[in-house]
*Asks:* 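Can you read through this structure? Questions will come right after.
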Amino acid sequence: MRLDRKVATAVAAVVVLVMSLAGSASLASDLTRAELPAPACSPGTTVVTDDGPVCGVAGPEVRSWQGIRYGAPPVGNLRWKPPRRPAPWTEPFAATAEGNQCAQPSGAGPGSDNEDCLNLTVRVPAKAGPGPFAVMVQIHGGGFLLWKPQDASRLVTAGNVISVEVNYRLGIFGFLAHEAFGAHAGNYGLQDQQAALRWVQRNIARFGGDPHNVTIYGASAGGSSVCAHTTSPASAGLFHRGISESGEYNSLLGVDTVWQAQDCKAKLPTEKQAHRAGARFATAVGCGVAAEAAACLRGAPAATLLKQAGHGREPDSGTIAPIVNGTTLPMSPGEAFATGRVNDVSLMHGVARDETQLPSASTPADYDRLVNQQYGKHAAAVRRTYPLARFPAPAPFLAFRTIVADSNSVCPSALNNERLARHIPVYAYQMDATDVPPQFFVDPTKPNGAYHIAEWLLLIPDGVKLNPNQQVLSDQLVAQWTGFARTGDPTVDGTPRWDPYTEDNPVVMSLNAAGDSQLTTEIPRQHKCELWNPLTPFTGRR
């Protein structure tokens, strides 16, 4: 049985809002690739999963199986229902070409309305190692709205791990909640991720992996997903370690012009709020009769639903990201961190020093307007703490960039380190390298500093040429990330010592190029966290 691989043949312009993606330097070539017949399977690659046999491609360094179904197509009556196991098959599935990416609006590409997308890829080192391999499961970013997983072969070859890369329902298809769907609706995208982790538990040993040594990792919305699974009761036992990269990115107080509240610190929409949003969405697409809403919505064309949902900022766009639905998420991750309601896992957790997800300031007037918009009654205190006169040219840009990074990402990340470390092992980091090549969502004419998910490009360069300073950090990150996955400790040969964050030793690894990474305790002071911590959701809870 083969997935219907619907591949775009034209390139859509990349829009400015796509600032949260785990980007790719080869995006354009990725999207313009013509559909080719799936390659033939390599001899000796057949693996019998508990759903049916699959065969793949044996490369010189990596053996891969792409597009393996882990769930039934969530279409028709299965739209907006928890994922189900796929129908079993008996003939080997040729898992030799990329699986469908999930339905999404245009933004990181031309978009897609294909809902048949619950598939994953497995990549294994070609040379067998001693004992079973540690497993790293990639949860991709994109604001829970866009994009797809990326080829993590570099982690496989350099780190001697197995990579599993997951497609999951996005946007309106992954997260719409409506009373007509029954109690605890919503969060289907997170449930898909959990279904993929259950597939790993059942099957990864057949590929040489260790189901007792599973690390989930991701950047941006992928990092937020790691936070969600750290707190979700349904994720308990499905993984053992997590790496949350730049999972704090929502606006702290003001108008979030990019994403619905969804990150590791945010107060997520309640089930009641999500139901109201779902009712408005249903009415907007012509399904406003309550008794018929579920059937009407499940029968509506995917393109109609995508158009109405848009990028989540339009009126009546429904919910397009996680909510507190009482089961998958009994509470927002930040609240669970503050109250200690977390699963028994270890985490690496961090953000980039200068990351922003909001419009930039070009003039002093921009600076004043945006500070007022984002910080309201606290705007005067913000201006006093970050006076324009203290910043070099272009001062408005640098000042507002610094404010946004400190308030939205750096200080909330530091606060979450403190909360989490009371209950589980935490290795904290901050990405401080400022010379990482710009990804497609970064304006190369601006002084962006250590931008959102910059480290992702160093973990998965995807053909980008790195200079010697960058290459040293890239090698270090791969060693630390995979070392943590193998052993639970990111201190491995060729890397600096990295101690866990504790109340008595609140150290954060400052990641820098050219071998200059080092532990520091100075981040809260440097980033004015005494201003921001009292304003962060769930502050003061224990």
*Asks:* Side-chain contact test, heavy atoms from C-beta onward, threshold under 4.5 Å: evaluate it for Pro438 versus Asn448 and give yes or no.
*Replies:* no
*Asks:* Strictly distance-based, threshold 3.5 Å: is any side-chain N or O of Thr482 a donor or acceptor partner for the main-chain N or O of Val478?
*Replies:* yes
*Asks:* Kindly say whether Thr520 contributes a backbone atom to a donor-acceptor pair with the side chain of Glu522 at under 3.5 angstrom?
*Replies:*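 Looks like no, no N/O pair under 3.5 Å.
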*Asks:* Apply side chain to side chain contact (heavy atoms under 4.5 Å, CB included) to Gln357 and Asn250, showing your working.
*Replies:* CA-CA 7 Å; Gln357 293 290 293; Asn250 274 141; over 6 Å; no
*Asks:* Checking side-chain polar atoms at under 3.5 Å, does Gln194 have a donor or acceptor matched by the opposite partner on Ser235?
*Replies:* yes
*Asks:* What is the ring orientation for Trp147 with Phe440, classed by angle as parallel under 30°, tilted 30 to 60°, or perpendicular over 60°?
*Replies:*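 Trp147 and Phe440: tilted rings.
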*Asks:* Testing the 3.5 Å rule here: is there a donor-acceptor pair between the side chains of Tyr427 and Gln480?
*Replies:* no
*Asks:* Under the salt bridge (Lys or Arg N to Asp or Glu O under 4.0 Å) rule, what pairs show up with a residue in residues 470-487, not counting sequence neighbours?
*Replies:* Arg154-Asp475
*Asks:* Looking at Ala485 and Asn213, what are the two nearest heavy atoms and their distance?
*Replies:*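 Ala485 and Asn213 have their closest heavy atoms at O-OD1, 2.9 Å.
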*Asks:* For Asp263 and Ser224, indicate whether the former's side chain and the latter's backbone hold a donor-acceptor pair under 3.5 Å.
*Replies:* no
*Asks:* Is there any side chain to side chain donor-acceptor pair (under 3.5 Å) pair reaching into residues 503-514, and which pairs are they, with sequence neighbours excluded?
*Replies:* Asp432-Ser510
*Asks:* For Trp498, give me all partners under side chain to side chain donor-acceptor pair (under 3.5 Å), at least two apart in sequence or on another chain.
*Replies:* none
*Asks:* Might you work through the side chain to side chain contact (heavy atoms under 4.5 Å, CB included) test for Ile243 and Met136, ending with a clear yes or no?
*Replies:* CA-CA 10 Å; Ile243 305 175; Met136 296 187 72; 4.2 Å; yes
*Asks:* Only one of Thr121, Val47, Thr49, Val164 clears side-chain contact (heavy atoms from CB on, under 4.5 Å) with Trp65; which?
*Replies:* Val47
*Asks:* To the nearest 0.5 Å, what is the distance between NE2 (His527) and CG (Asn533)?
*Replies:* 12.5 Å
*Asks:* Going by the rule ring pair (Phe, Tyr, Trp, His ring centres under 6.0 Å), which residues pair with Tyr375 if we only count those two or more places apart in sequence or in a different chain?
*Replies:*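 Result, ring pair (Phe, Tyr, Trp, His ring centres under 6.0 Å) vs Tyr375: Trp532.
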*Asks:* Applying side chain to side chain contact (heavy atoms under 4.5 Å, CB included), run through His349 and Tyr501 and close with a yes or a no.
*Replies:* CA-CA 10 Å; His349 174 256; Tyr501 184 106; over 6 Å; no
*Asks:* Determine whether a donor-acceptor pair (N or O, by modelled atom type, separation under 3.5 Å) exists between the side chain of Asn417 and the backbone of Leu415.
*Replies:* no
*Asks:* Give me each pair satisfying salt bridge (Lys or Arg N to Asp or Glu O under 4.0 Å) with a member in residues 217-227, each pair once, sequence neighbours excluded.
*Replies:* none
*Asks:* Decide if atom CZ of Arg206 counts as having more than 12 heavy atoms of other residues, nucleotides or ligands within a radius under 6.0 Å.
*Replies:* yes
*Asks:* Let me have the donor-acceptor pairs involving side chains of residues 56-63, under 3.5 Å, with sequence neighbours excluded, atom names and distances please.
*Replies:*
residue, atom, partner, partner atom, Å
Arg63, NH2, Gly44, O, 3.2

*Asks:* Just by modelled atom types, is the Gly334 backbone N or O under 3.5 Å from a matching donor or acceptor in the Ser332 side chain?
*Replies:*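 It does not hold such a pair.
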*Asks:* Checking the side chain of Ser474 only, and the main-chain atoms of Leu458 only, is there a donor and an acceptor separated by less than 3.5 Å?
*Replies:* yes
*Asks:* Trp481 and Glu245: side-chain donor and acceptor closer than 3.5 Å?
*Replies:* yes
*Asks:* Are side-chain N/O atoms of Gln439 and Trp456 paired as donor and acceptor at under 3.5 Å?
*Replies:*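 Side chains of Gln439 and Trp456: no pair found under 3.5 Å.
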*Asks:* Can you measure from CD1 (Ile68) to CG (Leu120) and round to the nearest 0.5 angstrom?
*Replies:*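 CG of Leu120 is found 5.5 Å from CD1 of Ile68.
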*Asks:* Kindly write out the residues that satisfy side chain to side chain contact (heavy atoms under 4.5 Å, CB included) with Pro412, not counting sequence neighbours, or none if the list is empty.
*Replies:* Glu248, Lys265, Thr536
*Asks:* Testing Val345, Leu190, Thr328 one by one against His229 for a side-chain contact (heavy atoms from CB on, under 4.5 Å), which residue passes?
*Replies:*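 It is Leu190, the one option of Val345, Leu190, Thr328 that forms the side-chain contact (heavy atoms from CB on, under 4.5 Å) with His229.
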*Asks:* Under the rule for salt bridge (charged side-chain N to carboxylate O under 4.0 Å, His left out), what residues qualify as partners of Asp435, not counting sequence neighbours?
*Replies:*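 For Asp435 there are no salt bridge (charged side-chain N to carboxylate O under 4.0 Å, His left out) partners, ignoring immediate neighbours.
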*Asks:* With a sphere of 6.0 Å drawn around NZ of Lys528, does it hold more than 12 non-hydrogen atoms of other residues, nucleotides or ligands?
*Replies:* yes
*Asks:* So, using salt bridge (charged side-chain N to carboxylate O under 4.0 Å, His left out) as the criterion, who are the partners of Arg198 when residues are at least two apart?
*Replies:* none
*Asks:* Rounded to the nearest 0.5 Å, what separation is found between the CG atom of Leu118 and the CZ atom of Arg169?
*Replies:*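 Separation between the atoms: 5.5 Å.
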*Asks:* Can you check whether Thr491's main-chain N or O pairs, donor with acceptor, with Thr495's side chain at less than 3.5 Å?
*Replies:*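 Not a single qualifying donor-acceptor pair exists.
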*Asks:* Please round to the nearest 0.5 Å and tell me the distance separating atom CG of Leu170 and atom CD of Gln101.
*Replies:* 8.5 Å
*Asks:* Once you round to the nearest 0.5 Å, how far does CD of Glu355 lie from CZ of Arg401?
*Replies:* 11.5 Å
*Asks:* With sequence neighbours excluded, what pairs up with Arg384 under the salt bridge (charged side-chain N to carboxylate O under 4.0 Å, His left out) test?
*Replies:*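 Testing Arg384 for salt bridge (charged side-chain N to carboxylate O under 4.0 Å, His left out), a comparison that skips the adjacent residues, returns none.
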*Asks:* What I want to check is whether the side chains of Gln138 and Ser163 have a donor and an acceptor closer together than 3.5 Å.
*Replies:* no
*Asks:* Please report the interatomic distance OG1(Thr402) to CZ(Phe397), rounded to the nearest 0.5 Å.
*Replies:* 9.0 Å
*Asks:* What is the minimum heavy-atom distance between Asn343 and Ser232, and which atoms define it?
*Replies:* ND2-O, 2.9 Å
*Asks:* Could you list the donor-acceptor pairs under 3.5 angstrom formed between side-chain atoms of residues 123-131 and any protein atom two or more places apart in sequence or on another chain?
*Replies:*
residue, atom, partner, partner atom, Å
Arg123, NE, Asp151, OD1, 3.2
Arg123, NE, Glu165, OE1, 3.1
Arg123, NE, Glu165, OE2, 2.9
Arg123, NH2, Glu165, OE1, 3.1

*Asks:* Indicate the atoms forming the closest heavy-atom contact of Leu457 with Pro437, along with that distance.
*Replies:*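 Closest approach of Leu457 to Pro437: CD2-O, 3.3 Å.
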*Asks:* Are Asp443 and Tyr451 close enough, and set up right, to give a side chain to side chain contact (heavy atoms under 4.5 Å, CB included), and what steps lead you there?
*Replies:* CA-CA 11 Å; Asp443 182 349; Tyr451 63 82; over 6 Å; no
*Asks:* Would you say the ring centers of Tyr168 and His140 fall short of 6.0 Å from each other?
*Replies:*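 Ring-ring flag for Tyr168/His140: true, centres closer than 6.0 Å.
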*Asks:* Name all residues meeting the salt bridge (charged side-chain N to carboxylate O under 4.0 Å, His left out) criterion together with Asp406; count only those two or more places apart in sequence or in a different chain, and write none if there are none.
*Replies:* none
